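As the structure is a prediction and not an experimental result, all values here were calculated from the model. Heads up: numbering here begins at 1 and tracks the sequence. These numbers come from the heavy atoms of this one structure, side chains and all, not from hydrogens, waters or symmetry mates. Whatever order the structure lists them in is the order used to number ligands and atoms, beginning at 1.
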Amino acid sequence: METGLLVNEVLDTNAMTALIVCKNGTVVFINKTYLHILGKEEEEVIGKYIGDITPETRTLTVIKTGKAIVGYNWSINGYNMIACSLPLIRNGKLLGCFAYSLFMDIWDAKDLVDNLMTELNMYRDEVRNLHSARYTFAEIIGQAPNIQDVKILAQKAALHPSITVLIRGESGTGKELFAHAIHRASNRSRMSFIRVNCAAIPEHLLEAELFGYEEGAFTGARKGGSPGKFELANGGTIFLDEIGEMSLTMQSKLLVFLQEREFERLGSHDPIRVNVRVIAATNRNLEEMISQQKFREDLYYRLNVLSLDIPPLRDHVEDIPQLVKYLIPKLNVDLKTNVTSMSDEAITLLSQYNWPGNIRELINVLQRAIILADMGDDDTITTKQLCFMQVKNESGKTVSSHTLKSLIKDYERQILIKVLEETNYNKTKAANILDIDLSWLYKKLKQYGIPPDNA
Ligand SMILES: Nc1ncnc2c1ncn2[C@@H]1O[C@H](COP(=O)(O)OP(=O)(O)OP(=O)(O)O)[C@@H](O)[C@H]1O
Ligand SMILES: [Mg+2]
């Protein structure tokens, strides 16, 4: 069948009007249905300026802007239609505009609603991706019994979408990964997953961040106010990361929310009710903090409905081979490298290490090793590429490399630990002494796998 013929058939269907104007606004095509609606003959329209025929036309705007106008109401001579005006572009040059419209009878309207629903779902998916949990349980690697037990418990937690979950574990063990996976496996997965890092937001801003505010609530408050994270997470999950860093004042406010499931925006007295699951995480020893009166006991009980203790990597080193196998291809994608495997000796070396920074540190080590292997054109990582690691060898001696970079890093690491110990792990003080931002300090601690507390 000739395509040209088909196009004519399509354009001349009774169900729609069709019109093509060239870039100076003159009509080059109009179908019979549209002529009928306008009550005109073809020769009265072809070659004429469209603005003179239908002054309200959107086609001229499309020609001017080069941008499509989709799904607007087009009413003419008593016919109500839904129309689209699309730019016609060839080799990057605007040639004109194609406009068509569909009648709004009941069946058209149904189709229209269906189409709008498809579009709405598309936008919903987009928004969900923006506020979404990235990881699933399948991405939590580990066959060791201690990891498997936590996984099973977390999967159970996922099935109870209102239970508050407290995730505990050293830095880099996968607390955030578990929070994502629980959300993804729950029936809240289509709704938002909102993460709040309680350590990164200054105390005086955290309340507004969590509960939102009304216009004029404080100096600098945005016009029209702003919803807080609890509102944004409605229907979904809020992940309160580093909960141990929350001030006592905020802890009280959070407690009230957990009891009432209601809150007020700053500067408002209207209670807002939301349905969110709370997942909190910390690498701090909350029981010790309670005894030091740094963490509210009543909040602890509210949060600790179901507690997941993620084991440190040194307690499941048997998972290292599987982790390495899983992580190498992923890192290859990020680093644009082609390293394929790791030698048995190298795996043994990794299994002997203490991993203070846990799986995050393993990822860092693998990144460096992959880069070194790639630079040496090796497709297998051997102990040669792990020489930068400080691993105790059989005789108990620390083996380390002596490149300037690694020496500087070792020195930086030691300074961080020393200052933290001197300040009794008070991060704000430590950051002041070192004259760096608190967030930078946290970044460095993560980078070196130094736990931010002395637990
Ligand atoms: N079991 C696992 N399998 C695969 N990847 C993992 C696993 N656990 C952690 N990871 C990866 O390790 C990195 C650190 O994990 P995550 O951020 O969840 O740790 P965390 O416990 O929240 O650390 P922190 O206390 O420092 O915030 C992430 O890149 C994560 O994807
Ligand atoms: Mg984390």
Side-chain angles (χ1 to χ4, degrees), residues 132-155 165-185 193-201 237-246 279-286 307-335 350 353 355-368 370 416 420 425 427 438-455:
S132 75
R134 289 187 302 274
Y135 309 103
T136 62
F137 280 114
E139 281 147 290
I140 301 180
I141 307 301
Q143 293 301 319
N146 52 6
I147 273 279
Q148 281 293 320
D149 286 351
V150 188
K151 242 172 124 167
I152 290 167
L153 198 56
Q155 276 158 338
V165 181
L166 178 62
I167 307 180
R168 295 145 67 106
E170 289 177 15
S171 180
T173 44
K175 296 185 291 297
E176 184 162 351
L177 200 63
F178 269 89
H180 281 242
I182 292 172
H183 174 77
R184 282 283 292 270
F193 174 87
I194 307 274
R195 173 180 180 246
V196 182
N197 184 345
C198 304
I201 304 168
T237 305
I238 190 158
F239 174 45
L240 301 175
D241 205 1
E242 320 259 14
I243 190 91
E245 312 304 317
M246 198 180 253
I279 302 182
T282 184
N283 53 15
R284 305 258 279 174
N285 182 336
L286 292 183
S307 167
L308 300 177
D309 289 291
I310 322 278
L313 180 56
R314 66 183 158 281
D315 288 350
H316 62 109
V317 285
E318 63 263 51
D319 284 327
I320 287 182
Q322 201 198 352
L323 278 163
V324 168
K325 204 168 158 195
Y326 169 80
L327 291 167
I328 287 180
K330 278 177 86 101
L331 295 172
N332 271 328
V333 174
D334 295 347
L335 301 169
L350 294 186
Y353 182 59
W355 297 112
N358 296 294
I359 298 185
R360 182 177 295 109
E361 190 183 2
L362 174 65
I363 294 173
N364 288 342
V365 164
L366 287 177
Q367 270 172 345
R368 292 173 71 180
I370 287 175
L416 287 170
L420 278 177
Y425 284 78
K427 264 77 65 190
L438 190 58
S439 58
W440 185 250
L441 176 68
Y442 271 102
K443 212 172 149 187
K444 282 279 161 196
L445 296 184
K446 266 190 184 160
Q447 181 189 343
Y448 290 114
I450 304 170
D453 64 344
N454 59 353

I'd like to know if the side chain of Lys175 and the backbone of Ile310 have a donor-acceptor N/O pair within less than 3.5 Å. no
Among protein heavy atoms, which sits nearest to atom 10 (N) of ligand 1, and what does the distance come to when rounded to 0.1 Å? Ile359 CG2, 3.4 Å
Which atoms of ligand 1 are found less than 4.0 Å from any heavy atom of Lys446? 26 (O), 27 (O)
Residue and atom name of the nearest protein heavy atom (relative to atom 5 (N) of ligand 1), distance in Å to one decimal: Leu177 CD2, 3.8 Å
contact_flag Gly172 ligand 1 heavy-atom lt 4.0 Å: yes
Within ligand 1, which atoms have a heavy atom of Ile363 less than 4.0 Å away? 11 (C), 12 (O), 13 (C), 29 (O)
Ile141, any N or O under 3.5 Å of ligand 1 N or O: yes
Got the closest protein heavy atom to atom 16 (P) of ligand 1, with its distance? Gly174 CA, 3.7 Å
Backbone N or O of Leu350 within a donor-acceptor pair of the Trp355 side chain at under 3.5 Å? yes
Under a 3.5 Å threshold, yes or no: a donor from one side chain and an acceptor from the other, between Tyr353 and Glu361? yes
Report yes or no: does Ile147 have a heavy atom closer than 4.0 Å to ligand 1? no
On the 0 to 90° scale, with breaks at 30° and 60°, tag the His180-Phe193 ring pair as parallel, tilted or perpendicular. tilted
Are any of the N or O atoms of Thr173 closer than 3.5 Å to those of ligand 1? yes
Indicate yes or no: does an N/O atom of Ser171 lie under 3.5 Å from an N/O atom of ligand 1? yes
So, the side chain of Asn358 versus the backbone of Arg360: is there a donor-acceptor pair under 3.5 Å, distance only? no
Here's a test for you: under side chain to side chain contact (heavy atoms under 4.5 Å, CB included), which of Ile279, Thr173, Ile167, Val165 qualifies with Phe178? Ile167
If every non-hydrogen atom of Glu170 is compared with every non-hydrogen atom of Pro356, which pair is closest and at what distance? OE1-O, 4.0 Å
Per-atom contacts, ligand 1 versus Leu323 - under 4.0 Å to a heavy atom: 3 (N), 4 (C)
Expected output: side-chain Lys151 to main-chain Ile140 donor-acceptor under 3.5 Å: yes
Can you find an N or O of Glu176 that's nearer than 3.5 Å to an N or O of ligand 1? yes
With no hydrogens and no angle check, is any side-chain donor or acceptor of Asp309 less than 3.5 Å from a backbone partner on Arg168? no
Going by the atom numbers of ligand 1, which of them fall below 4.0 Å from some non-hydrogen atom of Glu139? 3 (N), 4 (C)
Nitrogen or oxygen atoms of Arg360 and ligand 1 under 3.5 Å apart: yes
Roughly how far apart are Gln447 CD and Lys444 NZ, rounded to 0.5 Å? 4.0 Å
Which residue supplies the protein heavy atom nearest to atom 20 (P) of ligand 1, what is that atom called, and how far is it? Lys175 N, 3.5 Å
